[in-house]
Amino acid sequence: MAFEGQGRSLTGNLGTPPRRSVSAAAMLVALASAFALSQAFRTVGAMMATPLSGQFGLTPQQLGTWAGTFHFMFGVMQLAMGVSIDLFGVRRTVLTAFPLAIAGAALCAAAPSFGALLLGQALIGVGCAPAFLACTVFIARHFDASRFTAMSGLVLSLAGLGILFTGTPLALLIEAASWRAGYAVLAGFAVLSWLVIFWRVREPARTAEAADPKAAPAERQSLRKAVRELLPLFAMPHTLGLLCFACVSYAAFITLRGLWLGPVLHERHGLSLVASGNVALVMTITGMISPALFGRMDPGAARRARWMMACAATGALMFGTMALTHSRAVDIGLPIVYGLLSGYGVLQYAYARSAYPAAMTGRAMALLNMAMFLGVSLMQWTTGVTASWAVANGIETYRAVFLTIAGMLAAGTLAFRVMPRASDAGSPRGVDHR
């Protein structure tokens with residue numbers, strides 16, 4: 001699907017002329033490179049937690065705060081980034097924000113203290129904030145509605161390359177050099193991603209604008225107006241249940257893969273950093289395959305919510321099993337299986353897209369992203385607090401951590417189950433109370 005000379009640019013494109021031959025798919029891949037770096041930054045904790053604890057003497061609670069800072073800043077910036085995309089376009093927003101991620105990675109690489117490390121994480125979170133939203137908005141604007149779930153799954157799978165780096169490759173790099181080298185390499189990759197986006201991404205005119213050049217331009221957005229426009233979403237009865245589910249579904253995967261997987265394998269079972277990285281690598285590969293599979297297996301609006309709940313409930317049982325056993329085979333095997341299951345999260349984007357009118361899709365996606373990443377921050381911080389409490393009370397640390405994840409995942413799924421949901425027909429005009 002190529003866009004060749006279709007009307008004016010939506011963004012002004014930082015003063016550069018449009019390239020007529022760049023396809024929408026190629027531009028989406030370029031944007032996905034920033035999302036891949038975002039995924040790498042959010043999952044460095046699995047390999048860096050142990051060396052960081054040794055260097056700065058961090059407690060489990062401080063580790064949770066360090067990991068959660070990225071997601072907190074990422075989450076709170078979603079609305080502002082959505083407004084920026086409406087005002088200035090996908091390209092300008094990403095190119096303006098992403099240098100903050102580069103600066104944050106450089107600061108982390110040179111951090112002399114835990115405070116500097118937190119500041120670097122905050123900058124990375126802000127810089128990466130538009131990365132996934134830019135991809136979802138680009139897909140919604142420039143691909144057929146029937147391809148939305150499949151294209152979203154493809155982007156999530158491509159972004160898994162970033163998580164792939166934070167397995168064995170990052171473990172080898174840390175062993176050969178240091179954790180600081182990991183941040184330095186990621187900063188270099190982020191520079192390359194910025195250059196690729198600057199070079200390749202040109203926003204084509206939207207289909208409606210191309211078909212009717214005389215159509216009046218859409219009213220420009222503002223942050224205050226955007227906040228005000230979120231209120232109708234909360235007036236719809238199925239919004240709260242979806243947000244409860246969104247807060248825990250992605251958070252469970254990232255909290256395991258991005259924070260606790262390395263420590264549990266190292267401290268509970270004595271695996272080396274590289275061996276732990278190998279497990280993380282395999283989990284990442286299954287996690288990369290999963291979104292594309294779920295995107296293609298999307299059961300449709302009538303059964304989508306039931307699939308989401310069944311997968312989340314299965315995940316809660318897996319975490320409960322990891323908590324209540326002390327088996328090396330379980331702690332290696334179940335994360336890999338959970339990686340294969342984790343792609344069910346892509347279904348919630350299709351659910352949200354069908355649950356709200358077309359005019360509210362952008363706001364719904366921004367709110368969903370905000371809930372997801374604030375949920376990651378909350379779960380990582382909560383598990384850090386739980387781990388510190390367990391240490392203080394003589395309870396096995398990872399039993400407490402995994403029970404906390406299982407409980408939060410079950411609670412979010414139960415809320416989605418008992419609260420009103422979008423109708424089985426996928427229409428936002430009705431709700432399903434079953």
Side-chain angles (χ1 to χ4, degrees), residues 43 45-47 49-50 53 59-61 63-64 67-68 167 244-245 247-273 275-284 286-287 290 307-345 375-418:
T43 54
M47 296 300 108
T50 299
S53 296
T59 65
Q61 183 173 345
L63 279 176
C244 289
F245 187 85
C247 277
V248 298
S249 56
Y250 182 61
F253 174 79
I254 289 296
T255 299
L256 174 60
R257 172 59 184 84
L259 180 57
W260 297 113
L261 182 62
V264 73
L265 294 175
H266 176 70
E267 296 179 16
R268 192 186 248 190
H269 302 294
L271 270 67
S272 69
L273 189 64
S276 300
N278 292 338
V279 177
L281 181 70
V282 178
M283 181 184 178
T284 300
T286 60
S290 183
W307 275 45
M308 291 160 59
M309 289 184 288
C311 290
T314 301
L317 290 174
M318 289 184 181
F319 281 106
T321 301
M322 292 171 67
L324 299 176
T325 61
H326 204 284
S327 164
R328 176 182 293 196
V330 167
D331 288 346
I332 290 175
L334 282 188
I336 293 170
V337 175
Y338 188 70
L340 194 59
L341 178 71
S342 65
Y344 75 88
V376 175
S377 178
L378 176 63
M379 187 175 286
Q380 290 185 333
W381 178 81
T382 302
T383 53
V385 171
T386 302
S388 290
W389 173 85
V391 170
N393 288 273
I395 298 171
E396 203 265 336
T397 303
Y398 301 105
R399 174 167 294 183
V401 166
F402 291 141
L403 282 177
T404 299
I405 297 173
M408 294 179 74
L409 190 54
T413 304
L414 179 62
F416 185 59
R417 173 68 181 83
V418 301

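Quick caveat, the model's predicted, so the values are computed rather than measured.
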Between [X] and [Y], what is the shortest heavy-atom contact and its length?
| X | Y | result |
| --- | --- | --- |
| Ala323 | Leu403 | CB-CG, 3.5 Å |
| Met283 | Phe253 | CE-CE1, 3.6 Å |
| Val401 | Ala387 | CG2-CB, 3.8 Å |
| Ala400 | Ala390 | CB-CB, 3.7 Å |
| Ser377 | Gly68 | OG-O, 3.0 Å |
| Thr383 | Leu259 | OG1-CD2, 4.4 Å |

Once rounded to the nearest 0.5 Å, what's the spacing between atom [atom1] of [X] and atom [atom2] of [Y]?
| X | Y | atom1 | atom2 | answer |
| --- | --- | --- | --- | --- |
| Gln61 | Thr382 | CD | OG1 | 10.0 Å |
| Thr386 | Arg399 | OG1 | CZ | 14.5 Å |
| Leu281 | Ser276 | CG | OG | 12.5 Å |
| Asp331 | His326 | CG | NE2 | 7.5 Å |
| Trp389 | Thr397 | CH2 | OG1 | 11.0 Å |
| Asn278 | Ser272 | CG | OG | 7.5 Å |

Distance-only, no hydrogens or angles: does the [X] side chain make a donor-acceptor pair with backbone N or O of [Y] under 3.5 Å?
| X | Y | result |
| --- | --- | --- |
| Ser342 | Gly339 | yes |
| Thr284 | Ala280 | yes |
| Thr255 | Met379 | no |
| His266 | Leu271 | yes |
| Ser249 | Gly345 | no |

With side chains defined as the heavy atoms from C-beta onward, is the minimum distance between [X] and [Y] less than 4.5 Å?
| X | Y | result |
| --- | --- | --- |
| Pro335 | Arg257 | no |
| Thr286 | Val337 | no |
| Arg328 | Arg268 | no |
| Leu265 | Leu261 | yes |
| Leu256 | Phe402 | yes |

Self-check item: Parallel, tilted or perpendicular, as decided by the 30° and 60° cut-offs, for the rings of Trp260 and Tyr398
Solution: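 Tyr398 vs Trp260 ring planes: perpendicular.
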Exercise. Verify side chain to side chain contact (heavy atoms under 4.5 Å, CB included) between Met408 and Leu378, making sure each step is shown before the conclusion.
Key: CA-CA 10 Å; Met408 294 179 74; Leu378 176 63; 4.2 Å; yes
